[in-house]
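Hydrogens, waters and symmetry mates are skipped; everything else that's a heavy atom, side chains included, is used.
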Amino acid sequence: MVRFDQPCHSMKGALNYFQAHMAKGDYLTQGGEYQMTWVGQGAARLGLAGDVQAEHFSRLCAGKHPVTGEKLTVREKVNRRVCFFANMSVPKDVSIACLVGGDKRIEGWWQEAVQDTVREIEATVETRVRAGGKKDENRITGNMVAAIVTHDASRALDPQLHTHLCVMNVAYDSVENRWKAVQPSNFYRYQGYFREVSYNKLAQRMKEGGYEIEPSDKIGFNIKGFPPELRKKFSKRREEILEKASELGLKSQDGLQSITSKTRAAKQNLTAAQLRDSWVKECDESYAVIQRIIEAAKERPPAYTGCSPREAMDYYHNIFALKRWPQKTYPSLIHRLTSLPFLDYQITINLEPIPVRHEITKEEKAMDRLRGDYREDGKHSIAVALKKKERKIDSLAQGFSYPFDVQYLIRVWDPTETGLQSKSAAVRNAVNNMNGAQVFETSLPTTARKLFYASWPGWTGSSYVYRNLYAEDQYLADMLPFSSTFTAHLKDAEAIYDGTNGNLVGVKTFVGGTPQHSVLIGMTGAGKSYHMDDLLTQTQLYYHYNVIIEEGLSYKKFTESLGERPILIHPDGQLTINYLDTQGLPLNQLHIATAVALVSKMIGESSDPEKQQLRQAQIGQYINQLYVDTFHEWAGRHPELMPDIQRRACAVHRWRAERMEIGSTHLEAFADLRDRMLHKLRPCGCDTAGKILLDLDGNGPKTVSCGVKPEWKRGKKCADNCVRCQRAQQMRNVSITSAGANDHCDDQHEEADESQLRANGLDRRL
């Protein structure tokens with residue numbers, strides 16, 4: 001466990017705590033051998049090393065240089081933060097094995113884990129940036145002034161191997177070249193990560209020492225075979241705190257920490273022999289079990305030091321995560337990793353695009369801070385950093401590079417632990433030879449499980465982001481193996497398919513709200529219809545209607561699954577397709593070109609390109625003349641409809657100019673206006689359809705009445721000379737008959753609509 005307490009604001013309280021609790025170890029160290037020592041790059045910069053002297057500690061608490069006594073930080077506050085206390089403790093089984101069972105090797109293993117954790121904590125140390133008017137931004141310093149000391153018993157005299165860390169509220173800002181106060185937000189934000197670092201290292205060393213470990217029901221791990229009742233028996237201090245919290249009604253972590261500090265008992269004068277004898281007596285018969293496990297661990301040969309062996313399909317697995325990119329990449333660099341002499345490994349690269357604007361904004365803020373620093377100090381190094389930021393922003397803004405959040409995993413497996421160890425060593429060597437790249441190798445079962453899940457096909461992400469790296473596409477491309485899986489639009493997929501490498505591929509048919517064209521090519525029997533049937537089934541909810549024109553009735557099952565039936569068109573049937581029919585749309589050059597191509601195929605094409613072009617020109621002229629003659633013939637039979645046709649043509653022209661987007665064609669304007677009129681069309685007494693026609697005289701919308709009196713109620717017969725019905729007939733090319741004695745013309749037109757839709761291959765649902 002790693003836990004940071006609330007900041008200490010009292011210099012007197014910090015000194016008292018140092019003198020009473022942190023200066024030396026507890027009981028089992030001979031004469032308090034565990035002395036408080038300095039750690040951190042900041043401490044080394046101040047000339048602090050080895051044991052902590054009370055005088056040096058006191059000066060730092062006062063904000064002064066520990067050696068010279070001079071003022072260390074620029075700003076001073078009355079109620080300033082003095083330091084930050086943290087506690088790191090091992091799992092209870094480990095404390096019992098070390099302090100009760102007497103396996104002193106564990107003390108050294110724990111100190112290694114503490115050093116690794118301290119380095120990770122130091123890497124997160126920040127300080128506030130005030131230069132250039134910035135007050136709410138932080139900068140990583142990567143150094144700290146801290147002290148640690150290890151204790152071996154709780155105040156309730158339970159065996160508890162733990163280490164106290166005291167981080168002083170001072171860090172060196174290399175950009176501003178001065179000492180500043182620490183911003184501790186990362187200490188609390190990454191407590192879970194710090195815990196995993198310490199437990200990973202300790203678990204690795206425990207396994208090397210012959211112990212078998214297993215995941216705990218709560219946090220951390222247990223030693224396999226240890227009696228579970230001992231964990232509760234030697235957790236009296238924890239029980240005291242929880243009992244007191246229950247009395248006070250406190251549940252928060254801050255409340256528990258407050259109880260811990262207020263109920264801390266004074267140390268008792270017991271010798272190491274007396275304390276250990278009392279623990280052995282508490283163990284009773286379980287002490288023999290502990291001794292057998294410890295002796296077996298000492299005799300057992302060193303186990304594999306990778307992650308906890310996880311058996312899946314009778315294989316052992318190990319998982320690596322890249323924690324540092326190569327200093328320089330080139331296209332064939334990944335060959336070092338993909339050319340290993342075995343195939344039992346998998347490279348998984350989980351990519352999450354970072355919004356370009358977000359990254360540019362972040363870099364611009366960093367530039368503002370650097371400009372403020374440069375105005376104050378004028379250092380050349382800051383000017384170089386500014387130019388580097390400028391180049392990055394230019395590259396992002398112009399689309400030359402794209403940012404990603406990357407999780408780079410390498411999973412290895414083998415039927416035996418010895419074989420897995422050999423393959424894991426080969427992977428480590430391959431990565432280490434890639435221009436400074438480094439990998440993280442987990443040994444904690446909980447971390448291994450999370451990374452193991454992330455290597456599964458189709459993994460869509462998790463909250464475990466501690467092994468993610470920032471990357472840009474230029475060097476990320478060099479790190480992608482040719483066998484990397486393709487996921488496409490998995491995040492906003494409308495349809496999902498299995499990929500060729502056990503992955504999931506997400507497909508979307510819309511781009512910017514517009515459906516896109518697609519082409520599917522395959523030989524006979526390859527499954528084109530089956531694939532399209534599946535795609536239509538998954539995406540049909542995104543569309544208002546589906547129109548399928550095919551041969552062979554391959555989509556019958558899909559049509560019937562939607563509750564509809566297909567329309568069959570064949571030479572002996574009642575339905576035929578006239579390719580010269582414009583389907584009620586204005587004649588355009590595309591339709592003429594299609595008709596010319598069809599007729600050219602029917603009469604045969606010439607092998608001479610010039611003759612073929614001349615022939616098509618003649619066919620086009622004849623077809624165009626055919627349409628002109630047909631129109632004049634129809635206009636001669638219906639002269640009374642010509643004014644309305646002319647008005648519609650003018651309305652389309654005006655609609656295109658005033659209502660349509662720039663670049664729209666007359667055909668698109670006609671279709672848009674027609675659809676709006678059809679949507680608002682309500683024959684018999686409804687005049688909304690006529691309001692869509694634009695008044696060419698400039699007197700506002702023109703009202704066109706259906707011809708049926710408004711006071712007529714349902715059940716009355718529609719007028720035979722209904723002007724609105726005639727106009728609907730012309731608009732839709734639907735034959736409408738007079739309604740029955742008990743029918744309303746709304747019902748008549750609705751039935752006519754359905755007939756026309758069915759004739760056009762559509763259904764009412766669409």
Using a cut-off of 6.0 Å, state whether more than 12 heavy atoms not belonging to [X] lie near its atom [atom1].
X	atom1	value
Lys450	NZ	yes
Tyr475	OH	yes
Glu640	CD	yes
Gln589	CD	no
His653	NE2	no
Ile549	CD1	no
His335	NE2	no

Within the 4.5 Å heavy-atom criterion, are [X] and [Y] side-chain neighbours or not?
X	Y	result
Ile496	Val507	no
Arg674	Leu585	yes
Leu568	Leu553	yes
Thr329	Gln474	no
Ile347	Thr338	yes
Ile619	Ile603	yes

Determine whether the aromatic ring centres of residues Tyr464 and Tyr466 are separated by less than 6.0 angstrom.
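Tyr466 vs Tyr464: aromatic centres under 6.0 Å.
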Kindly say whether [Y] contributes a backbone atom to a donor-acceptor pair with the side chain of [X] at under 3.5 angstrom?
X	Y	answer
Tyr408	Val439	no
Glu564	Thr559	no
Asn350	Ala454	yes
Arg615	Gly604	yes

Do you know which two heavy atoms are closest between [X] and [Y], and how far apart they sit?
X	Y	answer
Ala495	Gln538	CA-OE1, 3.2 Å
Met642	Ala635	SD-CB, 3.7 Å
Met479	Leu333	SD-CD2, 4.1 Å
Leu626	Leu580	CD2-CD1, 4.4 Å
Pro566	Lys556	CG-CG, 4.3 Å
Ala488	Gly506	CB-O, 3.0 Å

Can you pull out every salt bridge (charged side-chain N to carboxylate O under 4.0 Å, His left out) where at least one residue sits in [range]? Sequence neighbours excluded, please.
range	value
residues 505-523	Asp492-Lys508
residues 467-481	Lys392-Glu472
residues 587-601	Lys601-Glu605
residues 520-542	none

Does a donor on one side chain sit under 3.5 Å from an acceptor on the other, for Ser455 and Thr348?
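Result is no, nothing qualifies.
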Side-chain H-bond candidate by donor/acceptor type, Thr509 with Glu494, under 3.5 Å
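Yes, side-chain donor-acceptor contact under 3.5 Å.
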From [X] atom [atom1] to [Y] atom [atom2], the distance as rounded to the nearest 0.5 Å:
X	Y	atom1	atom2	result
Phe558	Met532	CZ	CE	9.0 Å
Leu396	His358	CG	NE2	12.5 Å
Gln613	Ser600	CD	OG	11.5 Å
Phe440	Ile410	CZ	CD1	13.5 Å
Trp634	Ile645	CH2	CD1	4.5 Å
Asn546	Gln540	CG	CD	6.5 Å

Please list, chain by chain and in numerical order, all residues satisfying side chain to side chain donor-acceptor pair (under 3.5 Å) with [X], sequence neighbours excluded.
X	answer
Asn588	none
Gln621	none
Asp394	none
Glu633	Arg637

Go through it in stages, so that I can follow the logic: the residues are Asp672 and Arg659, the test is side-chain contact (heavy atoms from CB on, under 4.5 Å), and I'd like the CA-CA distance, side-chain angles, deciding distance and then a yes or no.
CA-CA 10 Å; Asp672 186 66; Arg659 303 292 183 89; 5.6 Å; no
State which residues pass ring-ring contact (aromatic ring centres under 6.0 Å, His included) with [X]; sequence neighbours excluded, sorted by chain then number.
X	result
Tyr345	Phe342
Tyr542	none
Phe510	Tyr543

Might you work through the side-chain contact (heavy atoms from CB on, under 4.5 Å) test for Phe670 and His666, ending with a clear yes or no?
CA-CA 6 Å; Phe670 175 86; His666 280 85; over 6 Å; no
For Glu352, salt bridge (Lys or Arg N to Asp or Glu O under 4.0 Å) partners two or more places apart
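Partners of Glu352 by the salt bridge (Lys or Arg N to Asp or Glu O under 4.0 Å) criterion, ordered by chain and then number, come out as Lys491.
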Does the side-chain contact (heavy atoms from CB on, under 4.5 Å) test come out yes or no for Trp325 and Leu476, once each step is laid out?
CA-CA 9 Å; Trp325 295 110; Leu476 177 60; 3.8 Å; yes
Anything under 30° is parallel, anything over 60° is perpendicular, the rest tilted; go ahead and classify Trp413 against His317.
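Trp413 vs His317 ring planes: tilted.
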Quick one: do Asn468 and Val406 satisfy side-chain contact (heavy atoms from CB on, under 4.5 Å)? Show the steps, please.
CA-CA 5 Å; Asn468 289 10; Val406 182; over 6 Å; no
